[in-house]
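Every heavy atom of this structure was used, including side-chain atoms; hydrogens, water molecules and symmetry mates were not. Note that the coordinates shown come from a computational prediction; the quantities given were computed from them, not determined experimentally.
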Amino acid sequence: MSAHSHEIEEGLAFLPKFDASGLVTAVATDVATGDVLMVAHMNDEALRKTIATGEAWYFSRSRNALWRKGETSGQTQRVVEIRTDCDQDAVWLRVEQIGAACHTGRRSCFYRKVEAEGSGAKLVFVDADRLFDPEAVYKK
């Protein structure tokens, strides 16, 4: 183990390892239940704003833009704790979710489970009730 990897894995310096696109993966879970709410990405600015404000900020790859969770929908995330993994290329946000985490209006983005079907797989809805109408909120 090199001195650098030892510092990354065992040290106390927060040294996030951004990918070639300048992003780290961010997993948000409900602090009360532990449920996985969403997986998104953060650039350096989103990560700094999240740490500074206690509100979740992300970077949208599809829009190529920084965004604060809930800025359009009102479905915000108050960050209770941020953790990083062993090689600091992902962060885990433990949040208090206000309303729905998913842009589809559902509490979590993980509202379908994968089930084996023959030699393949199919999706089955679970915990799929909508908390809001996305067409009304996002005016698409």
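- No path of Ile, Leu, Val, Met, Phe, Trp and Tyr side chains, each step under 4.5 Å between heavy atoms, connects Met38 with Leu23, placing them in separate hydrophobic clusters.
- Pairs of residues two or more places apart, or lying in two chains, that qualify as salt bridge (charged side-chain N to carboxylate O under 4.0 Å, His left out) and include a residue from residues 71-81 are Arg78-Glu96, Glu81-Arg83, Glu81-Arg94.
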Give the table of side-chain donor-acceptor pairs shorter than 3.5 Å for residues 110-120, with sequence neighbours excluded, one pair per line with atom names and distance.
from   : atom 1 : to     : atom 2 : distance (Å)
Lys113 : NZ     : Glu115 : OE2    : 3.3

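- A distance of 5.0 Å separates CD1 in Ile51 from CD1 in Ile82, rounded to the nearest 0.5 Å.
- Taken from CD in Gln75 to NE2 in His103, the straight-line distance is 13.0 Å, to the nearest 0.5 Å.
- Applying the salt bridge (charged side-chain N to carboxylate O under 4.0 Å, His left out) definition to pairs two or more places apart or across chains, none involves residues 13-29.
- Between Asp133 and Glu135, the shortest heavy-atom distance links the atoms OD1-N, 3.0 Å.
- Hydrophobic cluster membership is shared by Phe14 and Phe18, with clusters built from Ile, Leu, Val, Met, Phe, Trp and Tyr side chains linked at under 4.5 angstrom.
- Side chain of Ser108 to backbone of Val36: a donor-acceptor contact under 3.5 angstrom is found.
- The structure places OG of Ser73 at 11.0 Å from CD1 of Ile98, a figure rounded to the nearest 0.5 Å.
- For the ring pair (Phe, Tyr, Trp, His ring centres under 6.0 Å) condition, the pairs that include at least one residue of residues 29-74, sequence neighbours left out, are Tyr58-Trp67.
- Between Phe125 and Ala128, the shortest heavy-atom contact is CD2-CB, 3.6 Å.
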* Step-by-step side-chain contact (heavy atoms from CB on, under 4.5 Å) determination, Lys69 to Leu93 -> CA-CA 12 Å; Lys69 181 67 178 161; Leu93 306 179; over 6 Å; no
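- Legend: salt bridge (charged side-chain N to carboxylate O under 4.0 Å, His left out) pairs involving residues 25-48, not counting sequence neighbours, sorted by first then second residue: Asp30-Arg107, Asp44-Arg48.
- With rounding to the nearest 0.5 Å, the separation of CD in Gln88 from CG in Leu15 is 5.0 Å.
- For Asp85, the CG atom sits in a packed shell: over 12 heavy atoms of surrounding residues, nucleotides or ligands are nearer than 6.0 Å.
- Going from atom CZ of Arg106 over to atom CG of Leu37 covers 14.5 Å, rounded to the nearest 0.5 Å.
- A donor-acceptor distance shorter than 3.5 angstrom exists from the side chain of Thr84 to the backbone of Ala90, with no hydrogens or angles considered.
- Residues Arg130 and Thr104 have side chains in contact (heavy-atom distance under 4.5 Å, counting atoms from C-beta outward).
- Residues Met42 and Leu47 approach most closely at SD-CD1, 3.8 Å, considering heavy atoms.
- Cluster partners of Val126: none. The rule joins Ile, Leu, Val, Met, Phe, Trp and Tyr whenever side-chain heavy atoms lie under 4.5 Å apart, and it links nothing here.
- Residues Val79 and Val24 share a single hydrophobic cluster, defined by chaining ILVMFWY side chains whose heavy atoms lie under 4.5 Å apart.
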